[in-house]
Amino acid sequence: MHFRFGGRRIIAVLLALLALQLGSLISPAYACGCGAMVPDDGSSISVDREVSAVRWDGRRQEIAMRLSVRGDAREAAWIMPVPSRADVELGDRVLFAELAELTAPVHKESFYFWPREGDFPFSDQERDGAGASDRGPGAPPVGVTGRERLGPFDVARLTASDPDALADWLKQEGFRLPDRLSQALRPYVEQGWSYVAVRLAPDEGGSATLGGELDPLRISFASDRLVYPMRLSQLAAQPQALDLYVLAGHRMRTRSSIGGFEPEVTYANRLDASAGPALASFAGEETRYLTAIEQTFPTPSEISGDHELVRNASDETYREVILDEKLLRWAGIPAWIVSFGGTAALLVLVIVWRAVTRARRPVPPPPPVWTPPPLA
């Protein structure tokens, strides 16, 4: 078990606004974690938080995602590139609660003796404590391979031979593909990737804007490597943070930092009987090693591609431990005051004892005065 202070985590959270995968997206910055959000014309939308859990058994990959959004948009389109044609269904909200609880850092108290800034007497108040494309050469520029309504989502699964064709499809749906996003999508088109396009809208006839925590989505697709799309985050205007839960047969690591700070593992261990039912169901039998990874991207424009995750050299377990530092107290009194006060009191007692002892000693009579004998 490793010990470290929570300073780096605090810095990362301050840089990226939240610790899990967070994305801040306000038009015209269209990136949001591993996808892109396009609001309807004249409105804006931001993704306050995006949390993802990824499962990979060597053949097929699943991504469970939960978005929290805000803004004045009544409708928006979210686009996610995937290596091959994807299946989409609603996810389980409980999964993310169980993951957060299982991987939460262990807090341990650590005491210090000397007062610090904020402690008395320095302050009046003390601190609280990829798969290949399966399109044929004669396939249309955009092919809709499936479409269904899932809760608040109108989900379409697409293939696209060029971003302009994807832009035309979005236009038919009432959205405009920004030029910067069109350019950012070209590498995926060149690799023959597909797309999951999700239309976010309130119930028909409603007038509310999109906001709050949306129902999670679960996206699965064939892939012979574990990949997490991050390229579109290049378009983000603010620092991005990746908060990713990875379930595989062994402990996993990112192949590179792809332009961000070095990724940090905050949890690594095999699932046992303490795993919640939603997490156990998502993991299955083959992928029961959970690795939690955090990473910050202070300059999103430097993101060089997508994350590929590979097996770590060992399955060493890890649990983050945060030391909560507190001023040492005895009976509610700071220990340094008790120590100094006790020492001072002891000195006073010694002085008083010596004075009393001296006062009680018998005073010897004065020596007799010598007088000379009388003269004869």
Side-chain angles (χ1 to χ4, degrees), residues 9-10 12-25 31-37 45-56 61-71 76 78-80 82 86 88-105 150-153 196 198 200 210-220 226-230 232-233 236 238-248 252 254 260 263-268 271 275-283 287 290-297 300 306-307 309 320:
R9 162 173 279 196
I10 294 173
V13 170
L14 291 176
L15 284 174
L17 302 180
L18 285 170
L20 288 176
Q21 176 177 338
L22 309 178
S24 187
L25 169 67
C32 65
C34 68
M37 189 77 73
I45 190 169
S46 67
V47 178
D48 289 325
R49 184 173 185 180
E50 179 181 338
V51 183
S52 296
V54 179
R55 175 187 178 273
W56 182 67
Q61 180 174 328
E62 293 186 56
I63 301 178
M65 309 185 67
R66 185 186 63 189
L67 301 178
S68 295
V69 302
R70 62 183 170 89
W78 175 71
I79 305 166
M80 177 181 174
V82 290
V88 185
E89 59 184 283
L90 285 178
D92 190 344
R93 287 176 177 266
V94 179
L95 170 65
F96 299 98
E98 293 179 355
L99 282 167
E101 181 179 359
L102 179 63
T103 61
L150 300 175
F153 307 123
V196 173
V198 178
L200 310 176
L210 291 169
E213 186 177 292
L214 303 179
D215 291 336
L217 283 173
R218 186 168 170 175
I219 304 165
S220 61
L226 178 49
V227 59
Y228 191 75
M230 287 291 298
L232 296 185
S233 293
Q238 299 183 21
Q240 299 286 288
L242 174 66
D243 195 349
L244 186 63
Y245 300 103
V246 182
L247 286 153
M252 305 298 285
T254 59
E264 292 185 68
V265 172
T266 59
Y267 181 91
L271 300 182
L279 175 55
S281 175
F282 182 76
T287 56
L290 173 62
T291 311
I293 299 173
E294 290 183 356
Q295 185 183 13
T296 302
F297 298 88
D306 300 319
H307 257 319
L309 293 100
E320 184 179 17

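We number each residue from 1, following the sequence as shown.
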task = Measure from the side-chain N and O atoms of T287 to the backbone N and O of A283, and report whether any donor-acceptor pair falls under 3.5 Å.
result = yes
Heavy-atom donor-acceptor pair, T291 side chain to M252 backbone, under 3.5 Å = yes
query = What is the minimum heavy-atom distance between P300 and P239, and which atoms define it?
reply = CG-CA, 4.2 Å
query = Between CE of M65 and CH2 of W78, what distance do you get to the nearest 0.5 Å?
reply = 4.0 Å
key: Flag, side chain of E294 to backbone of T266, donor-acceptor distance under 3.5 Å   = no
request  = Find out whether L150 and D215 are in side-chain contact, i.e. whether some heavy atom of one side chain is under 4.5 Å from a heavy atom of the other.
outcome  = no
message = Checking Y245 against T103 for the side-chain contact (heavy atoms from CB on, under 4.5 Å) test, could you report, in this order, the C-alpha distance in whole Å, the side-chain angles of both residues, the deciding distance, and whether it holds?
response = CA-CA 9 Å; Y245 300 103; T103 61; 3.5 Å; yes
inquiry  = To the nearest 0.5 Å, what is the distance between CG on L279 and CG on L99?
reply    = 5.0 Å
note = Here the gap from E89 atom CD to I219 atom CD1, rounded to the nearest 0.5 Å, amounts to 10.5 Å
ask   = Just wondering, do L90 and L217 contact through their side chains at under 4.5 Å, heavy atoms?
value = yes
task = Kindly determine whether I293 and L309 satisfy side-chain contact (heavy atoms from CB on, under 4.5 Å), including the steps that lead there.
result = CA-CA 11 Å; I293 299 173; L309 293 100; 3.7 Å; yes
key: Contact check, side chains of I63 and M80, non-hydrogen atoms, under 4.5 Å   = yes
message = For a quick test of reading the model, state the closest non-hydrogen atom pair linking F96 to A53 and the distance between them.
response = CE2-N, 4.3 Å
request  = Take E264 and E320 through the side-chain contact (heavy atoms from CB on, under 4.5 Å) test and state the conclusion after the steps.
outcome  = CA-CA 10 Å; E264 292 185 68; E320 184 179 17; over 6 Å; no
query = Taking C-beta and beyond as the side chain, do Y228 and L244 meet within less than 4.5 Å on heavy atoms?
reply = yes
ask   = What distance do E62 atom CD and R218 atom CZ have between them, rounded to the nearest 0.5 Å?
value = 4.0 Å
task = Please round to the nearest 0.5 Å and tell me the distance separating atom CG of L271 and atom CG of L247.
result = 6.0 Å
task = Identify the heavy atoms of D306 and P229 that sit nearest to each other, and give their distance.
result = OD1-CA, 3.3 Å
ask   = Roughly how far, to the nearest 0.5 Å, is CE of M230 from CZ of F297?
value = 4.0 Å
